[in-house]
Protein chains: 2
Amino acid sequence: MSTHAHDPGWRAHAHATLEREGFRAGAARGRVVDALARQDCCATAQEIADELRGDDARVGIASVYRALEVLDRLGLVHRLDVGDGTARYEAAHPGGEHHHHVVCNQCGRVAQFADDGLEQAIATLSQRLDFAIDQHDVVLRGSCPNCR
Amino acid sequence: MSTHAHDPGWRAHAHATLEREGFRAGAARGRVVDALARQDCCATAQEIADELRGDDARVGIASVYRALEVLDRLGLVHRLDVGDGTARYEAAHPGGEHHHHVVCNQCGRVAQFADDGLEQAIATLSQRLDFAIDQHDVVLRGSCPNCR
DNA sequence: GTGAATGCAAACTCTTTGCATGACT
DNA sequence: AGTCATGCAAAGAGTTTGCATTCAC
């Protein structure tokens with residue numbers, strides 16, 4: 001699996017891509033990349049900012065949003081909404097490996113899952129649409145074990 | 001198909017459910033139900049309010065949100081986000097028939113599609129998760145015919 | 001030294017809430 | 001008549017933008 005936390009591969013890939021694209025190595029964006037590399041699932045901009053609060057220097061929320069916007073534009077992160085109206089972000093792996101999300105209707109907990117049959121079905125149906133599909137998101141909703 | 005615009009079945013069902021649940025027949029909520037029955041795909045609160053602007057009386061945006069909140073709680077509408085951060089709503093048919101959405105990355109156009117293989121895959125994978133799944137959303141992203 | 005990156009604060013958008021008025025039963 | 005429903009305006013929450021300062025190259 002390559003969707004583990006502490007993913008040094010993605011971290012290096014992201015930093016390399018940023019440099020290749022001509023971005024300077026500022027502190028804020030670098031820390032956001034590091035925070036995302038540490039995450040094993042999606043995080044909100046606020047959660048990322050809060051995590052960086054503990055470090056020696058503070059990172060402004062605006063810089064977090066700006067960094068995420070750049071990373072999203074470069075395809076390095078994936079932006080998603082699980083239904084609560086706040087955007088979440090997670091590292092996007094170059095190989096295309098990815099997962100989807102399950103949200104608990106009661107407590108709001110977000111978990112992840114991956115399923116080949118699902119990917120297969122999406123790949124197949126995408127071919128018959130008149131849109132040229134290059135991305136997809138699946139969000140399941142229900143009750144988590146604790147709330148059932 | 002029962003996902004056609006001008007769905008009198010859903011409209012009647014919604015009005016009946018509201019009455020059965022003890023809600024009074026106010027003008028604003030009634031008009032929101034009517035507007036949703038006319039929609040063939042998801043609409044934002046603002047779009048619904050704008051559509052009702054043309055009528056003889058005006059409907060406040062707050063009333064639209066309040067009506068949508070009630071309808072969502074009663075399971076009469078489905079709330080979804082296609083990625084732009086604004087909530088969209090569409091009639092939820094009691095039989096469970098539903099569709100999913102494709103969004104154009106360039107122009108933002110939202111279209112709908114339905115696929116049995118996809119539903120099948122989701123039903124199957126849902127059984128092996130530790131969450132009790134009762135709802136799902138799929139959003140595909142790509143380029144629409146006009147933007148390709 | 002030059003221009004990009006950052007942090008703060010203000011602006012913006014979407015959504016919710018408070019409150020007085022009006023409408024349904 | 002008694003409440004619920006509505007509209008307006010203000011408040012909240014999340015996100016974006018303006019601008020002066022700092023930092024990377």
Side-chain angles (χ1 to χ4, degrees), chain A residues 14-35 42-74 76-77 79-89 108 110, chain B residues 14-35 42-74 76-77 79-89 108 110:
Chain A
H15 280 293
T17 303
L18 285 167
E19 183 176 0
R20 173 163 40 78
E21 294 292 325
F23 290 93
R24 291 186 181 178
R29 187 160 47 219
R31 282 162 182 273
V32 170
V33 168
D34 294 351
C42 52
T44 65
Q46 193 60 63
E47 285 166 356
I48 293 170
D50 289 346
E51 188 184 330
L52 298 177
R53 191 62 42 88
D55 294 2
D56 48 3
R58 79 217 93 162
V59 175
I61 190 74
S63 297
V64 174
Y65 278 110
R66 276 189 279 238
L68 291 170
E69 198 263 325
V70 166
L71 295 171
D72 187 32
R73 187 150 37 84
L74 296 180
L76 292 169
V77 303
R79 178 184 188 158
L80 66 122
D81 189 307
V82 298
D84 63 350
T86 71
R88 282 157 200 274
Y89 304 82
V110 179
Chain B
H15 280 294
T17 302
L18 285 167
E19 183 177 0
R20 173 163 39 78
E21 294 291 325
F23 290 95
R24 291 185 180 177
R29 186 160 47 218
R31 281 160 182 275
V32 170
V33 168
D34 295 350
C42 53
T44 64
Q46 193 60 62
E47 285 167 355
I48 293 171
D50 289 346
E51 189 184 329
L52 298 177
R53 191 62 42 88
D55 294 3
D56 48 2
R58 79 217 92 159
V59 175
I61 189 74
S63 297
V64 174
Y65 278 109
R66 276 189 278 238
L68 291 170
E69 199 263 325
V70 167
L71 294 170
D72 188 32
R73 187 149 38 86
L74 296 179
L76 292 168
V77 303
R79 179 184 189 157
L80 65 122
D81 189 306
V82 298
D84 62 351
T86 72
R88 283 158 199 274
Y89 303 82
V110 178

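Just so it is clear: chains get the letters A, B, ... in the order the sequence lines come, proteins before strands, and each one is counted from 1. Quick note: numbers below take in every heavy atom, side chains included, and nothing from hydrogens, waters or symmetry partners.
Atom CZ of Arg88(B) and atom P of dC14(C) are 11 Å apart (whole Å). Here dT15(D) presents its C1' atom at 11 Å from CD of Gln46(A), a figure rounded to the nearest Å. Across the protein-nucleic acid pair, Glu47(A) atom CD and dT15(D) atom C1' stand 16 Å apart, rounded to whole Å. The CZ atom of Arg20(A) sits 16 Å away from the P atom of dC25(D) (whole-angstrom rounding). Taking atom CD of residue Glu19(A) and atom P of nucleotide dA4(C), one finds them 17 Å apart after rounding to whole Å. Counting to the nearest Å, the C1' atom of dA5(D) and the CD atom of Glu69(B) are 14 Å from each other. Here the P atom of nucleotide dT6(D) and the CZ atom of Phe23(B) are 11 Å apart, to the nearest Å. Between Asp84(A) atom CG and dT15(D) atom C1' the separation is 14 Å, expressed in whole Å.
Across its full length, the helix from dG1(C)-dC25(D) to dT25(C)-dA1(D) shows an angle of 30° between the axes of its 5 terminal pairs at either end, rounded to 10 degrees.
Using a 4.0 Å heavy-atom criterion, one finds that Ala25(B) contacts the sugar-phosphate atoms exclusively. Among the protein residues, Ala87(A) comes within range of the sugar-phosphate backbone only, with heavy atoms under 4.0 Å from sugar or phosphate atoms but none that close to a base. At a threshold of 4.0 angstrom between heavy atoms, the contacts of Arg66(B) include nucleobase atoms, whether or not backbone atoms are also involved. Backbone-only contact: Ala28(A) has heavy atoms under 4.0 Å from sugar-phosphate atoms and none from a base.
Comparing dG7(C), dC14(C), dT15(D) against the side chain of Thr86(B) picks out dC14(C) as the nearest.
Distances shown here put every side-chain N or O of Arg24(A) at or beyond 4.0 Å from the OP1 or OP2 atom of dC25(D). Between dG7(C) and Ser63(A), a contact under 4.0 Å exists linking OP1 or OP2 to a side-chain N or O. In terms of phosphate contacts, Tyr65(A) brings a side-chain nitrogen or oxygen within less than 4.0 Å of OP1 or OP2 of dT15(D).
Put simply, the side chain of Val110(B) reaches to within 4.5 Å of the side chain of Arg88(B), judged on heavy atoms. Residues Leu71(B) and Tyr89(B) have side chains not in contact (no heavy-atom distance under 4.5 Å, counting atoms from C-beta outward).
Between Ile61(A) and Gln46(A), the shortest heavy-atom distance links the atoms CD1-OE1, 3.8 Å. Val64(A) approaches Ala45(A) most closely through the heavy-atom pair CG1-O, 3.7 Å. Nearest heavy-atom pair, Arg79(B) versus Ala87(B), reported as atom, atom and distance to 0.1 Å: NE-CB, 3.9 Å.
With values rounded to the nearest 0.5 angstrom, Thr44(B) atom OG1 is found 11.5 Å from Asp81(B) atom CG.
The residue among Ala27(A) and Ile61(B) whose nearest nucleotide of DNA chain C is located toward the 5' end is Ala27(A).
Just one of Asp34(B), Val59(B), Leu18(B), Leu68(B) meets the side-chain contact (heavy atoms from CB on, under 4.5 Å) condition when paired with Arg29(B); it is Leu18(B).
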